[in-house]
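Only one structure is covered here, and it is reproduced in the block below.
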Amino acid sequence: MKIKNIFSKKEKNIVDFENLPQHIGIIMDGNGRWAKKRGLPRSSGHAAGAKTFERIVEDAGNIGIKIVTVYAFSTENWNRPKDEINALMALLEDYLDNGLNRLAGRDVKIHFIGDPGAFSESFQKKLMHMEKATENNSGLLLNVALNYGGRSEIIHSVKKLIGQAVEGKIKAEDITEKDIEKYLYTSGQADPDLIIRPSGEYRLSNFMLWQGAYSELWFSNCLWPDFTKNDLLQAISDYQKRNRRFGGV
Ligand code: FPP
């Protein structure tokens with residue numbers, strides 16, 4: 001593969017560009033603590049995290065990653081204080097309103113995963129508009145998880161299959177993994193090879209529970225707003241040293 005000429009020699013030596021993970025999931029954690037360390041409101045941490053998000057998506061595309069999934073708002077995040085939720089929604093809305101201009105020329109295809117039903121109609125229209133406006137792009141596929149939970153995603157799929165069983169289109173005893181996958185929000189996509197979680201927490205927090213069955217997990221103590229291209233390259237490099245056996249020997 002052709003390595004973009006924007007990487008330094010040192011960066012080119014960190015990863016093997018011929019053996020990249022296809023799909024990387026990112027749990028963008030640590031915004032609140034980043035803000036607290038600086039005596040700032042949590043919303044400033046999210047604003048800094050949103051900037052990191054845009055930077056890292058660009059870096060991932062330049063590196064040659066095919067799919068990135070970011071956890072932007074979980075089904076559990078509604079339990080946060082109202083003003084923090086409002087600040088997060090404002091950031092997301094800013095991205096929906098202005099992200100396309102900022103992405104111009106980058107060939108990123110955007111797909112939202114999660115249950116959009118909890119958002120206002122105008123917000124949902126903006127989600128659909130962004131997906132539509134980028135649907136023919138053939139560069140990086142960016143899944144943005146919004147009102148997303150791995151368990152509710154599996155329930156969503158199971159409900160669809162039960163509906164089909166009731167209509168007699170499918171028999172319960174014939175259901176396979178492929179059928180469940182067909183109705184996940186990431187249907188048709190490769191599973192994440194690598195899931196990155198910064199901020200010193202070591203858990204998945206309901207992120208890509210089905211798809212992450214064989215993902216390599218990478219943790220670091222860095223808080224998400226401080227996450228850099230170098231951290232991304234290091235995560236990929238560590239991933240490349242792992243021995244993936246998928247349950248075999
Ligand atoms: C977790 O950090 C982060 C979130 C719940 C929100 C992530 C959202 C962003 C980075 C903004 C995304 C914006 C766009 C445009 C996609 P935390 O608040 O739980 O941090 P803490 O554990 O330090 O409190």
Side-chain angles (χ1 to χ4, degrees), residues 24-61 65 67-104 106 108-116 118-119 123-124 126-131 133-134 140-150 152 185-186 195-208 219-229 231-232:
I24 300 182
I26 307 179
I27 301 174
M28 305 184 289
D29 196 15
N31 298 341
R33 279 163 286 166
W34 182 92
K36 194 170 172 209
K37 261 173 60 180
R38 289 163 177 76
L40 297 169
R42 290 179 59 82
S43 55
S44 305
H46 294 312
K51 289 202 176 108
T52 302
F53 151 76
E54 293 201 34
R55 212 174 9 81
I56 293 297
V57 167
E58 187 180 349
D59 292 334
I65 305 301
I67 310 174
V68 169
T69 301
V70 290
Y71 207 5
F73 196 85
S74 76
T75 45
E76 289 72 32
N77 286 154
W78 296 109
N79 297 324
R80 295 193 173 209
K82 192 110 191 75
D83 60 339
E84 185 174 344
I85 294 176
N86 290 340
L88 273 167
M89 290 303 143
L91 279 172
L92 292 165
E93 199 132 13
D94 170 67
Y95 188 65
L96 292 173
D97 291 337
N98 306 307
L100 283 176
N101 284 339
R102 301 205 288 267
L103 279 172
R106 296 222 186 97
V108 174
K109 177 173 171 160
I110 300 187
H111 177 54
F112 294 99
I113 63 171
D115 176 8
F119 300 112
F123 192 94
Q124 290 185 47
K126 288 180 187 185
L127 296 177
M128 283 191 285
H129 172 72
M130 197 160 204
E131 285 190 333
T134 61
L140 176 85
L141 168 58
L142 172 64
N143 295 311
V144 180
L146 284 183
N147 192 29
Y148 173 88
S152 65
Y185 301 125
T186 54
I195 293 180
I196 293 175
R197 181 170 194 158
S199 94
E201 309 286 1
Y202 302 92
R203 51 180 175 266
L204 285 176
S205 300
N206 208 7
F207 182 65
M208 303 200 101
F219 301 101
S220 90
N221 288 328
C222 152
L223 302 172
W224 174 249
D226 294 327
F227 198 88
T228 62
K229 176 170 58 173
D231 293 310
L232 180 62

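Indexing begins at 1, ligand by ligand and atom by atom, following the structure's order. Note that the structure is a prediction, hence the values are computed from the model and not measured.
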Name the one of Arg80, Arg33, Lys36 that satisfies side chain to side chain contact (heavy atoms under 4.5 Å, CB included) with Arg42? Arg80

Which residues pass the ring pair (Phe, Tyr, Trp, His ring centres under 6.0 Å) test with Phe227, not counting sequence neighbours? Trp224

Return yes or no for this condition: an N or O of Tyr95 is under 3.5 Å from an N or O of ligand 1. no

To the nearest 0.1 Å, how far is atom 13 (C) of ligand 1 from its closest protein heavy atom, and which atom is that? Ala50 CB, 3.8 Å

Checking side chain to side chain contact (heavy atoms under 4.5 Å, CB included) between Ile24 and each of Thr69, Ile56, Ile195, Ile65, which is the one that passes? Ile65

Under 3.5 Å: N/O of Gly32 near N/O of ligand 1: yes

When you compare the side chain of Arg102 with that of Asp94, does any pair of heavy atoms fall below 4.5 Å? yes

With no hydrogens and no angle check, do the side chains of Ser44 and Arg38 hold a donor and an acceptor under 3.5 Å apart? no

Sole residue of Asn143, Val144, Ile196, Leu146 in side chain to side chain contact (heavy atoms under 4.5 Å, CB included) with Val70: Val144

Backbone or side-chain N or O of Arg33 under 3.5 Å from ligand 1 N or O: yes

Evaluate Asp29 for polar contact with ligand 1, using N/O atom pairs at a separation under 3.5 Å. yes

Please report which non-hydrogen protein atom sits nearest to atom 7 (C) of ligand 1, along with the residue it belongs to and the distance in Å to one decimal place. Ala72 O, 3.5 Å

Identity and separation of the nearest protein heavy atom to atom 4 (C) of ligand 1: His46 CE1, 4.0 Å

Among all protein heavy atoms, pick the one closest to atom 14 (C) of ligand 1 and tell me residue, atom and distance. Leu92 CD2, 3.7 Å

Hey, is Gly30 one of the residues with a heavy atom under 4.0 angstrom from ligand 1? yes

Asn31-ligand 1 polar pair, N/O distance under 3.5 Å: yes

Is Leu223 touching ligand 1 with its side chain, its backbone, both, or neither, if touching means heavy atoms under 4.0 Å apart? neither

Taking side-chain contact (heavy atoms from CB on, under 4.5 Å) as the definition, give me every residue that meets it alongside Ser220, ordered by chain and number, with sequence neighbours left out. Pro198, Trp218, Cys222

Any idea how Phe119 and Trp78 line up, ring-wise: parallel (<30°), tilted (30 to 60°), or perpendicular (>60°)? tilted

Nearest protein heavy atom to atom 5 (C) of ligand 1, by residue and atom, and its distance? Asn77 OD1, 3.5 Å

Are Leu142 and Thr134 close enough that some pair of their side-chain heavy atoms sits under 4.5 Å apart? no

Which one of Glu54, Arg80, Met28 has a non-hydrogen atom at the shortest distance from atom 18 (O) of ligand 1? Arg80

